[in-house]
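Everything quoted here is computed from the prediction, not taken from an experiment.
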Amino acid sequence: MKIGDKIKEERLRKEWTQEQLAQLLNVSRSTVSSWEVARNYPDLETIVAISDLFGISLDRLLREDKQMAKDTTKKLKRGQLYKYALIALSIIVLLYFGYNAKLRLDEHTYRSNLEEYGWENIQSSSPAQSKDESNAYELAENDITYKSHLLTAEDSIGFPLPEQNISVITTKDDFVVDVSYENEIGVSISPENDPTVSKQFYVNVDRNGNLAESESSWSEDERQVILNYLSTYQDTHQELINKTLEKISEITGK
């Protein structure tokens with residue numbers, strides 16, 4: 001027997017009209033009618049209410065209606081999938097807002113430390129000053145100049161980006177060292193520093209100023225020129241690298 005037939009059978013046994021049953025279940029009369037003619041099925045919550053109202057078990061109400069059992073199983077599975085999807089979405093949202101909160105806290109910490117250690121926020125007198133300009137900082141100590149830039153929480157997409165790491169570019173005369181927060185170190189090699197260098201190079205080095213990796217585009221002669229240059233000016237590079245790492249530590253507080 002279909003569930004619709006059982007609903008009708010139990011309704012008639014209690015001598016209720018469709019309207020009366022609809023009122024008891026808080027649905028429309030047409031809804032009850034559609035159940036009884038098997039146009040559709042009541043939802044799970046309503047099935048439980050029908051079971052209680054008629055005083056019959058769910059097993060008795062559903063046992064012989066195989067299609068209803070299949071539909072109920074599908075609804076349960078869809079409900080579980082929806083629950084898991086909702087949990088996953090909630091976790092993503094929490095991570096997103098949590099990461100943005102961390103970015104704002106980091107930004108506040110960095111700005112406070114930059115101010116404490118005497119960095120100057122480079123401000124433009126132009127009313128058309130860009131956000132990038134207002135987040136640029138500079139510090140001059142003796143013959144060394146340090147420059148850094150903050151990526152604000154407003155600039156972020158809410159997920160980790162390499163640009164969110166603090167980096168500092170340090171110059172002394174024509175020597176330039178670029179150190180990121182993750183301690184990736186770059187050195188600019190310029191003909192202005194050494195006449196044996198024919199063109200500008202930017203190379204990655206280790207903390208001691210030694211070449212960290214070669215580029216496939218370099219010729220063997222170019223590679224040898226770079227190695228000679230790094231060896232000749234290793235003391236200068238080491239000094240700038242060490243000072244730059246100290247500045248990054250001061251800014252980040254780490």
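- Proximity of Leu25 to Thr31: side-chain heavy atoms (C-beta onward) are nowhere separated by under 4.5 Å.
- Checking side-chain atoms of Arg29 against main-chain N and O of Gln18 turns up no donor-acceptor pair under 3.5 Å.
- Asn208 is listed as a side-chain neighbour of Gln234, based on a closest heavy-atom distance under 4.5 Å.
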Take Glu222 and Phe201 through the side-chain contact (heavy atoms from CB on, under 4.5 Å) test and state the conclusion after the steps. CA-CA 10 Å; Glu222 286 175 333; Phe201 292 95; 4.0 Å; yes
For Val168 and Ile251, run side-chain contact (heavy atoms from CB on, under 4.5 Å): C-alpha distance rounded to whole Å, both residues' side-chain angles, the deciding distance at 0.1 Å, then the answer. CA-CA 10 Å; Val168 173; Ile251 296 170; 4.1 Å; yes
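- In this structure, CG on Asp173 lies 8.5 Å from OG1 on Thr236, to the nearest 0.5 angstrom.
- In this structure, NZ on Lys8 lies 9.0 Å from OG on Ser33, to the nearest 0.5 angstrom.
- Using a 4.5 Å heavy-atom threshold, the side chains of Arg13 and Phe54 count as separate.
- The heavy-atom pair separating Glu15 from Gln20 by the smallest distance is O-OE1, 3.9 Å.
- Side-chain atoms of Thr244 come within 3.5 Å of backbone N or O of Leu240 as a donor-acceptor pair.
- A donor-acceptor contact closer than 3.5 angstrom is absent between the side chains of Asn242 and Gln238.
- Interatomic distance, Leu103 CG to Tyr110 OH, rounded to the nearest 0.5 Å: 8.5 Å.
- With Thr232 contributing its side chain and Asn228 its backbone, the two residues share a donor-acceptor pair below 3.5 Å.
- The backbone N or O of Ala136 sits less than 3.5 Å from a side-chain atom of Asn121, completing a donor-acceptor pair.
- Residues Asp206 and Ala212 approach most closely at N-CB, 4.1 Å, considering heavy atoms.
- Using a 4.5 Å cut-off on side-chain heavy atoms (C-beta onward), Ser167 and Asp178 make contact.
- When all heavy atoms of Arg39 and Ser30 are compared, the pair lying nearest together is NH2-O, 4.3 Å.
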Can you check side-chain contact (heavy atoms from CB on, under 4.5 Å) on Val203 and Ile189, steps first, answer last? CA-CA 8 Å; Val203 301; Ile189 297 178; 4.0 Å; yes
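- The two residues Asn40 and Ser34 have their closest heavy-atom pair at OD1-OG, 3.0 Å.
- For Glu138 and Thr145, the side-chain atoms include no donor-acceptor pair closer than 3.5 Å.
- A salt bridge does not link Glu141 with Lys243: every distance from a Lys NZ or Arg NE/NH1/NH2 to an Asp or Glu carboxylate oxygen is 4.0 Å or more.
- Residues Ile144 and Glu239 are in side-chain contact: their nearest non-hydrogen atoms beyond the backbone lie under 4.5 Å apart.
- When side chains are defined from C-beta on, Ser198 does not count as touching Val225, because their heavy atoms never get closer than 4.5 Å.
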Show the numbers, then the answer: is there a side-chain contact (heavy atoms from CB on, under 4.5 Å) between Ile166 and Leu150? CA-CA 7 Å; Ile166 290 293; Leu150 295 182; 3.4 Å; yes
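- For the pair Asn113 and Thr252, the minimum side-chain heavy-atom distance is 4.5 Å or more.
- Enclosure of atom NZ in Lys247 by more than 12 non-hydrogen atoms of other residues, nucleotides or ligands within 6.0 angstrom is indicated.
- Of the possible donor and acceptor atoms, one in the side chain of Ser249 sits under 3.5 Å from a partner among the backbone N and O of Lys254.
- Nearest approach of Arg111 to Tyr137, heavy atoms of both residues: NH1-OH, 2.7 Å.
- In this structure, the side chain of Thr109 engages the main chain of Leu105 through a donor-acceptor pair within 3.5 Å.
- The pair Glu10-Lys6 fails the salt-bridge criterion, with no side-chain N (NZ, NE, NH1 or NH2) lying under 4.0 Å from an Asp/Glu carboxylate O.
- For the residue pair Glu36 and Asp5, the shortest heavy atom distance occurs at O-OD1, 4.1 Å.
- For the pair Ser188 (side chain) and Tyr202 (backbone), a donor-acceptor distance under 3.5 Å is absent.
- The aromatic rings of His237 and Phe175 sit perpendicular to each other, their planes meeting at more than 60°, with 30° as the lower class boundary.
- Side-chain contact annotation: Asp221 with Ser219, donor-acceptor N/O pair under 3.5 Å absent.
- How far CD1 of Ile185 is from CG of Asn210: 10.5 Å, rounded to the nearest 0.5 Å.
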